[in-house]
Structures are given as structure tokens and as C-alpha cells.
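Here the structure comes first, spelled out in C-alpha cells, and everything after it is commentary.
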Amino acid sequence: MYQYDNIDQTIVNERVAQFRDQTSRYLNGKLTDDEFRPLRLQNGLYIQRHAPMLRIAVPYGLLSSKQLRKLADITDRFDRGYGHFSTRQNLQLNWPKLEETPDILEELSKVEMHAIQTSGNCIRNITTDQFAGVAPDEIIDPRAIAEILRQWSTFHPEFSLLPRKFKIAVSGSLQDRAIVQAHDIGLEFYYDKAQKMAIRVWVGGGLGRTPILGSIIREHLEWEHVLTYCEAIIRVYNLHGRRDNIYKARIKILAKALGIEEFKKQVEAEWHYLKNSPNTINESELKRVAKFFTAMPYENLSDQEPTYDEAIQNNKAFASWVKRSVHLHKQKGYRAITLSLKPHGLAPGDATSAQMRTVAELADLYSFGELRVSHEQNLILADVKLQDIFKVWEKAKAHQLATPNIGLLTDIICCPGGDFCSLANAKSIPIATSIQEAFDNLDYLHDIGELELNISGCMNACGHHHVGHIGVLGVDKDGSEWYQVTIGGKQGNDASLGTVIGPSFAAEEMPGVVRKLIDVYIKHRNPEERFIDTVRRLGVNPFKEHVYA
Amino acid sequence: MLNSQLILNQSISSDEWTFVPLPSGNEEVKKQAGKVVLFKLTGESLPTELQIDETTIPQIGKIIVPLSVYLKNRDALQARLKNNEIALWLATHETLDALLVSEKDINVFPLIALFVERFQDGRIFTLGNLLRTRYQFKNTLRAFGDVLQDQLFYLKRSGFDSYLIKAGKDVREALKALQSFSDPYQGAVDIPEPVWKRKVR
């Protein structure tokens, strides 16, 4: 993975000093609440219901075991011994003290980490596929460009106070796992006819209050121009995006208002001036960064491992975990493994410091000391030998990291919701846990098969409910909490937004509603048909009728 | 010690310019729900004819006048312009088009100032960048309004060399903020090359 040089380290150190000064000016009354807000937000610090929340950046979801141990230490020393992995592949602390946040940042800087631009109206953490570099369907590993984008966007002076937050996702595989269509800018890498790395540029996607899937603004962009082209897009947005209404301020609203053709025309007019300007990437910079993302020193192994096959044969629990949690790998004899942060009945995405240390140890022993965070809020060991998988499972299981539910109904994507977040209209964690408890029978869960259930506690859609096969949105009606249900949303190349099935439900009705949706699916599904495909084939009505019968 | 809120070329400096405000407009702005007009997506209105006409232009001295007022009184102000007494200011929701249509050479103005109403308004950075890079403005570029020390580094990188710090804020502390980061990653107005082209990494 990328390693800091003096320049990177100095920037992070200077940021710690700057934020320490800003915090002390605030605490000394030299900055008002309003003046401090954009400053602390650009450092990931929210003021929440019970305490501040600090969001730590995990660039494109990649962590070393050393970093994860530091995160564990930080949650013990400054928080309550656990952290929450978010849908932007970041880590959130729910209970830090405002006055200690500069110390937390200083600790982070010791392991090449920070909280820069994890919130606020600026370019946020660049996200990507959790299987980047190891997925068999990968065409181009997007992480080198992701790191170049991270550096370029860090304190980009022109785009430091945009109309609203700005999210970029990159993907280089046949199957999109980074939801590029649901981002302000989505960059899809491919090889063009000349076998040169090129980029398909999506713009104007986003979830939130007005969910919109992005449009292609440029089919073919040569890689060296990616920074200047992004600058052209964001410049048009910075000048003309709405600033009078926070709900209409995202780039998707501008692109829709102008129409994609007019928007594109303005972007191309800007780019005419910016193309080939100094931020154009050169071959040597790409090479410098790409060398941090070369293949691991794999052993030459067979893709058959008798001990592994035997364990699957003889151990039903192991076999059902393997079915869900072990993913194919580019390299023979290796697999990627998803460790579930979704044990039934606990907050999705949460990890205790003990679990973090366990994962760090597993990474050191079996996966070259690295791991990834997925936007589905799980942790991934990307490079495990077949012969080691059983050992990983045993250890993970002992620490509640091996619930065999990856990609199934209880692998719920869920925001912190009303229990923690001051933006939320409703709680989301108790809905997730009540559904998990209602579907605790693993055989039934596996029979239902692949199903993505996403829960957001408010319109801001941190839980990505619009693209859940089943989406749940917390809404506030006359001061009480209700839940609106959508079905038919999907992430990936054939992304779609869910359709609302009807009036919202009370919290205690939710497990029953999900059960009824599943009943309709079980009754009507064709062999091997997934829930989402049945919804697409039948439409919303049969589901709606049964739920409201 | 100099009692001034102005930073010019990285030091505290007295202000030789007199600011000419627009009289406050009292025309009711009607927003049309659901209607979006091209290029006017920001919801702010431009100065009205009445505001422009009622602006008092001081007869002597160096003055910073609103762009709209200058354009309306262009002929009358030419002699003073040649005498280096006329500077312009624009709000961040104005575009540069009217200025560029009116003036062949914007370097006739010794100073252009951009008014930022709210700290969070980052349009000022793009406008600064455009004035410096695309339109080759060489003279003093000033930021004023809700200007706090924490924007200064970004303003400097976007081409500004003059900052009128908001009244009540410590201008000496603000001065330090110009040096917040020693080696920025990306190329911008002040340092055009990105770090990978400046240094061996």
C-alpha cells in the first residue's frame, strides 16, 4: 500500500498543528460556533447527540495491520473501546472529547492517517472496490489513480468550500463494486482500442434526498487528464451550483437543471483551458505511485488444497461460512475473505478494539499485513492462502467475526441513525438488529439467498437505502419515528433506485414487513432467481398487495 | 503598531483605498418554486438599477467601486482611472463576463476586490484563479468581507495577495495562517507545478 514520504508526512503534521490551533481558538472564545463549524467539519468532527463524532479517513478503504492496531488503541484511550466502519469505508468514533481531538489526530499522524476532508463541503474520501488488486474480473487496479486523486484533492485551494459535499468513486473491474453511478463523479477505468488506460467519466449521481443515478459526461478520457478534467467539472459546479438551499446544492441538481448536454458543454469549455495544465499527470508520477500497489509476493500454489476441501466436506458450519465469505482471487491458491461486522443483534459495522486487534493479527499472519474496509461495512483480508482459510475461520469465529451472512439479508448496511447522529429522523440500528434477530435461522437465510437490505435514519441516505434490494428509510411524522420501505434498488453496473411500496410503518412492524416481502419472493421465485430479479420481473405490486393485505 | 486589518503582500499594511458600498436594496425578491433559470442557480440577485443609481461616488481619492456602478459611470470615471484612483469590487455571485466585455485590458485597474459574504462561499477561489490565470490580472487582488484567517492559505493559493481581515479578528494571528502548509500537493495559482514536478519523490 502507499507509504508516506517526507512531503506527505509534513502535510499531515502541519494539519495537526493547524487543527490544534483552531480548536484552541474555539475553546478560548476567539472563534464562534458558526466560524468553527466549517473548520471542524473539514476535519471530520461533528457535534452529535451525546458527544462529538470524529470520522477518520481510510483512503479507498485500505488499512495496514499497524494502522488498525493504532485505531484500536485510539478507541480504548479516547473513546469507549469500539469504532463504527461507515459506508464510505471510513471509521467513526462516537464518543471522543472535543478538546482531545487534536491529540487523536496526532496519534493518527504517527501511522500515516488523518481525518482530512472526511466531512464538510469539499472533496471527500475517494472510495473504491474492496477487492481492488485481487478481483478476477479486474481490468485495471484503480488504487494508484485513487491515491493520486487523494493527494490532489487534499487542501485543493479552489475546491475547499464547495456548495456541498463532493464524492468521487473509482472502479476498474467488469462488475462495478464501487457504485460509481451514485457518486458526484464516478471514474470507470478500461483499456481503449490502443490498449491505453482510459476512463469513462460519470457525473451527477448521488443518493440523499433526491436520489439520481449519474450520467456519462465523457466516454473516453486518457488517464493523464483525470485531474484537470475533474477540475473542469468541479469548477463549473463551484461557480454555478446552488448555495441558497442545502437540499438543492449537490452537483446532481445542477447537472439536472442544466441538462447533461449543456452541463457537458460548459465542462468541456472549461477543460479547453485546463487541459495539459500543470496538474496533468505524467508517466513518472503514475509509476511512482503505482509501485506501492503491485501484486503481493505470492507463492506459486495450486488452486486445489485437499485440507481445505476436506474441511468443507466435514464441517457444515465452515462450509456455509465459506459459501458466503470466501471470494475468488486473481492468484491461484489464494482467496479474499470477508469478515462479517454484522453479527445478529449488534450494530452493523461496529468493531470493538479487541476485534480490531484480532483482525490485525489475522492480517499479519495470513494476508501480508493488510486489510480493506468495504462500503458494505465489513472487513476484508484480501490475500489468504487456501490452506490458511480454516485457521482464519476458527479465530474469526471466536471473536464474532465469522457470521456466515455476507451478501445475505442480515448483512445489513446501516447508518448510526438516531441513536447517535443529530441529523437522523429515526433510529436505524434497532431496526437492523430486530430484522437480524427475526432471521436468525441460518438455513433459512441461506435459502433466501443474496439480498441487500440497506437502512438510513434520514434523507441523507448514509445507509444507501435507495440502492438496497430492500431499502428502509427512517422518517419523522409528527415527532414519532416511522419507516418507509422501498424495493428494487440495486448497486452495480445495472444500478437502479428502489420504488416506495406505500405508507410507512412503525418500528415494531418492520421485521414482519420484511418477512412478508420474503414470503412473496419465495412463493414466486424461479429456480436460482435472486430477490432483486424477482422484483424486477414481477414489479412492485404483488409485494405491495401482500404487505398491506 | 499599525492599526489596520489589511494584509498586503504578506505584511500588515495601511489601506489607501476607500470602499464604496452599494446602498441596501429593498426590492422584494420573489422566488419561483421549482423554477430554475440557467446560470442563476445560486439564488442571489444582482444589484438593481435603483441601487446603482443611488450609489454615492466620492469625488476625490482612491476608491473601490462596485463593478455595476463603474460600468454605468464608465465614461465619467476614465480620467480618474488613468490617475490610478479607480478600483473595482465584485460579489462572488457575479460573473466576470460584464467586466471582460467592457475592458480590453483589465490591468488598467490597480486593484480588484472580491467580496465574500459568508466564509463558506468558495466561489471566491475560482474567481481569483480565473482572474489570475485566464485573464492575466497582474495587479492587487483583494479579498474582503467574511475573511478569516482560516481561508487565507486557500486565498493565497488562488491568486490573492491582499486580505482585509474581518473587523474584530486578530490580523497578526491571521498573518501566520499564510504559512499553514509548506509544500502543497497540487499545482495552483501561486505555485503552478504540483509537488511531483517540483521535487524528486
Side-chain angles (χ1 to χ4, degrees), chain A residues 5-8 10-11 14-15 17-18 21-22 25 30-31 34-35 37-39 42 120-122 148 150-163 227 231 234-235 238-245 248 253-254 256-258 262 273-274 277-282 284-285 288-289, chain B residues 31 36-44 92-93 95 116 118-130 133-134 146 148-151 153-159 166 169-170 173 176-177 179-201:
Chain A
D5 64 7
N6 266 337
I7 290 161
D8 303 295
T10 304
I11 284 178
E14 286 171 337
R15 174 56 148 192
Q18 183 193 41
D21 172 62
Q22 290 168 344
R25 275 188 281 138
K30 288 181 182 174
L31 283 174
D34 278 351
E35 288 164 350
R37 185 180 305 116
L39 304 179
Q42 301 234 336
N121 297 333
C122 49
I148 290 172
R150 180 192 76 79
Q151 298 190 15
W152 158 83
S153 63
T154 299
F155 308 133
H156 195 301
E158 189 177 339
F159 308 133
S160 52
L161 293 165
L162 294 169
L227 302 181
E231 283 177 339
I234 305 174
R235 179 175 281 182
N238 191 37
L239 284 177
H240 301 300
R242 286 183 67 162
R243 289 172 186 266
D244 61 324
N245 183 340
K248 297 190 188 309
I253 305 289
L254 177 68
K256 265 272 180 290
L258 293 176
E262 171 63 22
Y273 294 101
L274 288 167
S277 64
N279 285 334
T280 306
I281 310 168
N282 57 24
S284 70
E285 173 64 0
R288 179 187 79 85
V289 178
Chain B
K31 278 189 187 161
V36 183
V37 184
L38 285 195
F39 299 108
K40 287 190 180 166
L41 294 168
T42 48
E44 292 123 329
T92 50
H93 59 270
T95 62
V116 57
R118 289 186 315 135
F119 176 93
Q120 294 93 318
D121 184 351
R123 286 174 290 196
I124 190 166
F125 305 122
T126 293
L127 292 169
N129 187 310
L130 288 173
T133 58
R134 191 165 310 162
D146 200 14
L148 307 178
Q149 76 179 64
D150 304 289
Q151 296 122 308
F153 184 75
Y154 297 136
L155 286 168
K156 177 177 87 166
R157 297 224 64 210
S158 301
K166 190 180 179 180
K169 298 292 174 186
D170 189 334
E173 266 190 51
K176 287 187 283 183
Q179 317 301 335
S180 295
F181 297 95
S182 40
D183 240 335
Y185 280 128
Q186 61 297 100
V189 180
D190 60 338
I191 308 170
E193 300 285 311
V195 68
W196 76 79
K197 288 182 185 164
R198 302 193 305 267
K199 308 230 159 159
V200 180
R201 295 191 79 179

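Not measured: the values here are computed from a predicted model. Just the heavy atoms: all of them, side chains too, but no hydrogens, waters or symmetry mates, feed the values below.
- Of all heavy-atom pairs spanning Trp196(B) and Asn279(A), the tightest one is CH2-O, 3.9 Å.
- Side-chain contact of Gln22(A) with Asp150(B): a donor-acceptor pair under 3.5 Å is present, judged by distance alone.
- For Leu239(A) against Arg123(B), the heavy-atom pair with the smallest separation is O-CD, 3.6 Å.
- For chain A, the nearby part of Lys169(B) is the side chain; its heavy atoms alone come within less than 4.5 Å.
- Of the two parts of Ile234(A), neither the backbone nor the side chain holds a non-hydrogen atom closer than 4.5 Å to a non-hydrogen atom of chain B.
- If you tally non-hydrogen atom pairs under 4.5 Å between each of His156(A), Glu35(A), Glu285(A) and chain B, the highest count goes to Glu285(A).
- When atom types are taken as modelled, the side chain of Glu158(A) and the backbone of Gly122(B) share no donor-acceptor pair closer than 3.5 angstrom.
- When each of Glu231(A), Arg37(A), Gln18(A) is scored by its heavy-atom pairs under 4.5 Å with chain B, the top score falls to Gln18(A).
- Within the 4.5 angstrom heavy-atom criterion, no atom of Ile124(B) approaches chain A.
- When the candidates Gln120(B), Arg157(B), Glu193(B), Gln151(B) are compared by the number of heavy-atom contacts under 4.5 Å with chain A, Gln120(B) comes out ahead.
- Heavy-atom pairs under 4.5 Å with chain A were tallied for Ser182(B), Gly128(B), Pro184(B), Ala177(B); the largest tally goes to Ser182(B).
- Contact annotation for Ile11(A): both backbone and side-chain heavy atoms come within less than 4.5 Å of a heavy atom of chain B.
- Residues satisfying the salt bridge (charged side-chain N to carboxylate O under 4.0 Å, His left out) test with Lys30(A), not counting sequence neighbours, are Glu173(B).
- The two residues Lys197(B) and Pro278(A) make their nearest non-hydrogen contact at NZ-O, 2.5 Å.
- Per-residue heavy-atom pair counts under 4.5 Å with chain A were compared for Leu130(B), Val189(B), Asp170(B), and the maximum is reached by Leu130(B).
- When every heavy atom of Phe181(B) is checked against every heavy atom of Glu14(A), the shortest pair comes out as CA-OE1, 3.1 Å.
- Heavy-atom distances place the side chain of Thr10(A), and not its backbone, under 4.5 Å from chain B.
- Lys199(B) is linked by a side-chain hydrogen bond (donor to acceptor under 3.5 Å, both in side chains) to Asp183(B), counting only residues two or more places apart in sequence or in another chain.
- Taking a cutoff of 4.0 Å between a charged side-chain nitrogen and a carboxylate oxygen, Asp8(A) and Arg201(B) qualify as a salt bridge.
- In this structure the side chain of Gln149(B) reaches within 4.5 angstrom of the side chain of Asp21(A), judged on heavy atoms.
- Taking all atoms of both residues into account, the shortest heavy-atom contact from Phe125(B) to Ser160(A) is CE1-OG, 3.3 Å.
- For chain B, no part of Asn245(A) is nearby; none of its heavy atoms comes within less than 4.5 Å.
- For a residue to count as touching a neighbouring chain, one of its non-hydrogen atoms must lie under 4.5 Å from one of that chain's; by this rule Arg134(B) touches chain A with the side chain only.
- To the nearest 0.5 Å, atom CG of residue Asn129(B) and atom CG of residue Asn238(A) are 10.5 Å apart.
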